[in-house]
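See structure below.
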Number of protein chains: 4
Amino acid sequence: MKKNKPKYNQIIDAAVIVVAENGYHQAQVSKIAKQAGVADGTIYLYFKNKEDILISLFQEKMGEFIDTIRLKTAGIESAVEKLLMLVETHFTLLSENLHLAIVTQLELRQSNKDLRLKINEVLKGYLQVIDEILRIGVEKQEFREDLNIRVARQMVFGSIDEVVTNWVMSDHKYNLVALSTTVHELLVRAFENRN
Amino acid sequence: MKKNKPKYNQIIDAAVIVVAENGYHQAQVSKIAKQAGVADGTIYLYFKNKEDILISLFQEKMGEFIDTIRLKTAGIESAVEKLLMLVETHFTLLSENLHLAIVTQLELRQSNKDLRLKINEVLKGYLQVIDEILRIGVEKQEFREDLNIRVARQMVFGSIDEVVTNWVMSDHKYNLVALSTTVHELLVRAFENRN
Amino acid sequence: MKKNKPKYNQIIDAAVIVVAENGYHQAQVSKIAKQAGVADGTIYLYFKNKEDILISLFQEKMGEFIDTIRLKTAGIESAVEKLLMLVETHFTLLSENLHLAIVTQLELRQSNKDLRLKINEVLKGYLQVIDEILRIGVEKQEFREDLNIRVARQMVFGSIDEVVTNWVMSDHKYNLVALSTTVHELLVRAFENRN
Amino acid sequence: MKKNKPKYNQIIDAAVIVVAENGYHQAQVSKIAKQAGVADGTIYLYFKNKEDILISLFQEKMGEFIDTIRLKTAGIESAVEKLLMLVETHFTLLSENLHLAIVTQLELRQSNKDLRLKINEVLKGYLQVIDEILRIGVEKQEFREDLNIRVARQMVFGSIDEVVTNWVMSDHKYNLVALSTTVHELLVRAFENRN
DNA sequence: GATGAATGAGGATTCATTCAT
DNA sequence: TATGAATGAATCCTCATTCAT
């Protein structure tokens with residue numbers, strides 16, 4: 001990803017920090033530029049406008065995020081195990097990057113509808129991974145054959161997201177990763193085949 | 001609820017409409033005043049500032065919402081049945097009030113962290129209702145005795161919320177209430193006692 | 001003209017002074033507001049944007065200008081005498097209002113094409129006055145019957161304008177009004193009937 | 001004229017095109033550089049700053065313009081004929097170079113006062129040619145002996161300029177050169193000796 | 001209580017110019 | 001000579017809030 005544009009990533013990384021520490025509405029372009037160690041105008045050599053920084057931020061970071069989860073779950077046979085890996089990886093990646101967690105769970109949700117639509121585009125990739133796991137689970141008869149994939153996917157994403165948001169808002173006082181198995185177990189019970 | 005202050009409710013109802021139809025960032029105080037049929041300055045006789053309108057809006061509307069759900073679930077014995085009533089009532093109330101659904105699911109989430117913290121205060125009442133149902137379910141041995149109440153509650157709220165948000169964002173093309181049983185069944189399976 | 005909007009005229013008069021003294025490109029909205037004794041935001045209660053101030057300025061001032069000339073020339077029979085009155089009044093009005101002269105002759109010409117198009121709309125009223133005088137002169141046989149009205153009008157306006165601009169750019173070192181008869185005589189000689 | 005500096009003229013010619021096609025305020029240095037086929041920085045090897053490009057443009061192009069007119073009028077005896085040649089040549093040269101006409105009649109007038117003062121310096125050469133013709137006319141008794149040379153010169157220049165500007169602004173829909181004789185005849189009538 | 005005219009702080013973006021290569 | 005990536009100063013406009021009437 002734009003390997004020969006070090007400033008591009010420099011600015012995105014600065015944006016993550018500035019948005020996380022100051023909040024979406026206090027993340028002025030000049031603050032991001034300062035954090036990135038470049039002039040204000042330099043931002044505009046790499047991004048069309050302020051919104052473009054935030055969209056790119058989400059695309060880059062969430063892109064990596066999804067790639068990692070896709071990779072980690074790919075080698076696993078069982079859908080149940082895939083789902084555990086997904087929850088664990090999701091929680092682990094955000095635990096390891098508090099700034100990113102704050103930005104994705106709290107700050108970017110304050111953005112306007114246009115930005116949120118772009119964000120949803122990116123999230124579709126993640127939802128596809130969930131869908132795929134659910135489909136495989138049904139095929140392999142790990143999950144009930146009449147599982148409503150769309151609702152199930154919303155339950156997976158909604159549950160994970162709510163757990164992470166609660167953790168972020170509680171100032172990450174407890175261990176998020178430790179909740180993986182609990183969340184995973186509840187989801188599996190919800191979906192499993194009981195013949 | 002300030003019964004003798006008709007303008008108070010007039011302004012809140014105007015705010016719901018204006019925010020739903022224009023979006024959070026295009027909901028200027030002057031627009032709300034116009035919609036309410038009062039002067040800009042009059043707003044400040046009833047509300048401390050703009051944020052106070054939105055907090056009050058959420059408190060009033062979500063208060064009614066929670067009261068209704070509390071009332072509806074109160075007369076029911078079984079936790080499983082209570083949970084179904086909760087999901088159904090939640091979906092029904094929002095289906096019947098699109099403006100409110102848009103405001104709570106999409107627009108108010110664009111507010112800043114402070115407002116969102118206040119919103120969470122209000123939501124606590126709702127989460128308590130869920131917690132109570134879950135506790136009763138465990139007591140009655142409808143749900144497994146080692147159920148992690150906090151995580152289960154986050155799963156209930158996260159799932160319901162995600163389903164509603166998807167419905168709102170899809171321009172309410174399908175019947176939300178019809179999803180109640182599907183969502184309920186998955187949640188019950190996740191929590192149930194399997195002795 | 002907007003009699004009950006004293007701030008409207010206050011702001012326009014301030015704009016004339018600020019543009020004349022600082023130049024078009026150094027006439028910031030905040031400077032105009034300060035000169036008018038109002039807050040920056042107040043400007044936008046009376047004008048759509050900065051360009052609107054300048055367009056309105058030109059319309060109001062040039063409108064009065066044209067009205068005065070129309071009025072002064074109306075009572076005169078002879079086209080030759082009308083033309084003298086036009087030149088004299090033009091020179092007199094601008095001599096008496098140096099700020100306005102600077103603004104119309106030098107500063108507003110730096111504006112962008114859109115503003116200049118609007119300015120030309122206003123000027124059409126002036127050109128019509130000239131055309132009318134020329135037509136009457138031809139009818140009354142004071143001017144040659146084959147006079148090319150359009151070219152003649154361009155000569156009248158171009159000559160007057162060039163004389164005024166030279167006077168403004170020379171820092172009004174000499175008496176502009178004193179040139180009226182010279183300019184008038186040359187124009188009349190150019191147009192007159194020599195049967 | 002820097003003969004051994006091909007890029008110098010390359011940049012000036014590029015500036016004429018860019019200013020004519022984009023307008024004064026949209027004629028960025030980077031656009032001129034691109035049109036000239038050089039890097040932005042290269043501009044500054046040949047010109048002190050952006051203003052210097054425009055001044056040089058005017059000096060070079062208007063210099064040629066004046067030289068041509070001087071040359072064309074030089075061989076003619078009669079002042080009246082010289083004046084016709086001047087008008088005809090002026091109209092012809094601008095008709096043949098629309099870009100230059102747009103730049104000199106419309107775009108460069110949007111420049112700031114400083115640039116316009118420099119432009120006036122260049123124009124002085126042109127005004128001298130006019131003055132010279134008028135002086136000869138008086139000497140030869142073609143023109144009245146009490147002709148106010150300064151005012152007459154302003155009338156010549158103002159009239160020609162106004163006619164050209166009208167032609168440019170009308171999108172050159174009509175034949176400018178065809179107006180030469182009309183303009184010339186009116187000017188001569190204004191100035192001529194009537195003993 | 002009710003009005004609405006007035007206030008004024010705050011920030012994204014452009015583009016002429018520089019200078020290390 | 002030539003390059004072009006980087007710089008950073010400078011300004012219009014919005015809108016929540018006030019307060020004289």
Side-chain angles (χ1 to χ4, degrees), chain A residues 4-8 10-11 25-34 36-53, chain B residues 4-8 11 25-34 36-54, chain C residues 4-8 10-11 25-34 36-53, chain D residues 4-8 11 25-34 36-54:
Chain A
N4 298 324
K5 299 270 189 182
K7 296 243 161 100
Y8 177 87
Q10 208 171 315
I11 291 164
H25 290 290
Q26 281 305 307
Q28 293 88 349
V29 171
S30 60
K31 247 181 216 163
I32 295 172
K34 197 169 193 180
V38 300
D40 292 17
T42 304
I43 300 266
Y44 293 89
L45 297 177
Y46 297 92
F47 300 92
K48 218 169 65 249
N49 50 36
K50 184 181 175 180
E51 198 178 39
D52 190 29
I53 307 175
Chain B
N4 298 324
K5 303 268 189 181
K7 294 217 169 138
Y8 177 86
I11 290 164
H25 291 291
Q26 281 307 304
Q28 293 87 352
V29 171
S30 60
K31 245 182 217 161
I32 295 172
K34 195 170 194 179
V38 300
D40 293 17
T42 305
I43 299 266
Y44 291 88
L45 298 175
Y46 297 92
F47 300 92
K48 215 167 71 247
N49 50 36
K50 184 180 178 181
E51 200 178 38
D52 190 28
I53 308 175
L54 301 171
Chain C
N4 297 324
K5 298 268 189 186
K7 296 243 160 101
Y8 177 88
Q10 207 170 314
I11 291 164
H25 290 291
Q26 280 306 305
Q28 292 88 349
V29 170
S30 61
K31 248 181 213 160
I32 296 172
K34 197 170 194 178
V38 301
D40 292 18
T42 304
I43 301 265
Y44 293 89
L45 297 177
Y46 297 92
F47 300 92
K48 219 168 66 246
N49 50 39
K50 185 180 174 180
E51 198 179 38
D52 190 30
I53 308 174
Chain D
N4 298 324
K5 304 266 190 180
K7 294 218 169 139
Y8 177 87
I11 290 165
H25 290 290
Q26 283 305 306
Q28 292 87 350
V29 171
S30 60
K31 246 180 215 161
I32 296 173
K34 196 170 192 179
V38 301
D40 293 17
T42 305
I43 299 266
Y44 292 87
L45 298 175
Y46 296 91
F47 300 92
K48 214 168 72 247
N49 49 36
K50 185 180 177 181
E51 199 177 39
D52 190 29
I53 308 174
L54 300 170

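Below, all heavy atoms of this structure are taken into account, side chains as well, without hydrogens, waters or symmetry copies.
Taking the screw axis at each terminus of the helix from E:dA2-F:dT21 to E:dT21-F:dA2 from five consecutive base pairs, the angle between the two is 10° to within rounding of 10 degrees.
Across all their heavy atoms, B:Ile32 and B:Ile11 have their closest contact at CG2-O, 3.9 Å.
You'll find that the side chain of D:Asp40 is closest to F:dG4, out of E:dA2, F:dT3, F:dG4. For D:Leu45, taking side-chain heavy atoms from C-beta onward, the closest of the listed nucleotides E:dA2, F:dT3, F:dT7 is F:dT3. For C:Tyr46, the side-chain atoms get nearest to E:dA5 when compared with the rest of E:dA5, E:dA12, F:dA5. The side chain of A:Val38 lies closest to F:dT7 when the candidates are F:dT7, F:dT11, E:dA5. Taking only side-chain atoms of A:Lys7, from C-beta outward, the nucleotide of E:dA6, E:dG11, F:dA6 with the closest atom is F:dA6. When distances are taken from the side chain of C:Gln26 to each of E:dA12, E:dG11, F:dT11, the shortest belongs to F:dT11.
One finds no side-chain N or O of B:Ser30 lying less than 4.0 angstrom from the OP1 or OP2 phosphate oxygen of F:dC15.
Atom C1' of nucleotide F:dC13 and atom CG of C:Asn49 are separated by 10 Å, given to the nearest angstrom. A:Tyr8 has its OH atom 17 Å from the P atom of F:dA5, to the nearest Å. Going from atom NZ of A:Lys34 over to atom P of F:dA6 covers 20 Å, rounded to whole Å. Atom CD of D:Gln28 and atom P of E:dT17 are 13 Å apart (whole Å). One can place CD of C:Gln10 at 9 Å from P of E:dA6, the figure rounded to the nearest angstrom. Separating the CD1 atom of C:Ile32 from the C1' atom of F:dC13 is a distance of 14 Å, rounded to the nearest angstrom. Computed from coordinates, the B:Ile43 CD1 to F:dA16 C1' distance equals 11 Å when rounded to whole Å. Distance A:Lys50 NZ to E:dT14 C1': 17 Å, rounded to the nearest Å.
Looking at residues two or more places apart in sequence or on another chain, you find no side-chain hydrogen bond (donor to acceptor under 3.5 Å, both in side chains) involving C:Asn49. Every residue two or more places apart in sequence or in another chain that forms a side-chain hydrogen bond (donor to acceptor under 3.5 Å, both in side chains) with A:Gln26 is listed here: A:Gln28. Legend: residues meeting ring-ring contact (aromatic ring centres under 6.0 Å, His included) with D:Phe47, ordered by chain and number and at least two apart, are D:Tyr8. Contacts of B:Tyr46 classified as ring-ring contact (aromatic ring centres under 6.0 Å, His included), with partners at least two apart in sequence or in another chain: none. With sequence neighbours left out, the side-chain hydrogen bond (donor to acceptor under 3.5 Å, both in side chains) criterion links C:Lys50 to no other residue.
Within 4.0 Å (heavy atoms only), A:Val29 reaches at least one base atom of the nucleic acid.
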Tabulate atom names and distances for all N/O pairs under 3.5 angstrom spanning the protein and nucleotides 19-21 of chain E.
none

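Of the inter-residue distances, the one linking A:Lys48 atom NZ with A:Asp52 atom CG reads 5.0 Å to the nearest 0.5 angstrom. A distance of 8.5 Å separates NZ in D:Lys7 from CG in D:Leu45, rounded to the nearest 0.5 Å.
Taking for each of A:Thr42 and C:Lys48 the nucleotide of DNA chain F with the nearest heavy atom, the 5'-most of the two is the partner of A:Thr42. Nucleotides of DNA chain F nearest to C:Ala27 and A:Gly37 differ in position, and the one nearer the 5' end is that of A:Gly37.
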**Study point:** Steps toward side-chain contact (heavy atoms from CB on, under 4.5 Å) verdict (D:Lys34, D:Lys31)
**Key:** CA-CA 5 Å; D:Lys34 196 170 192 179; D:Lys31 246 180 215 161; 5.7 Å; no

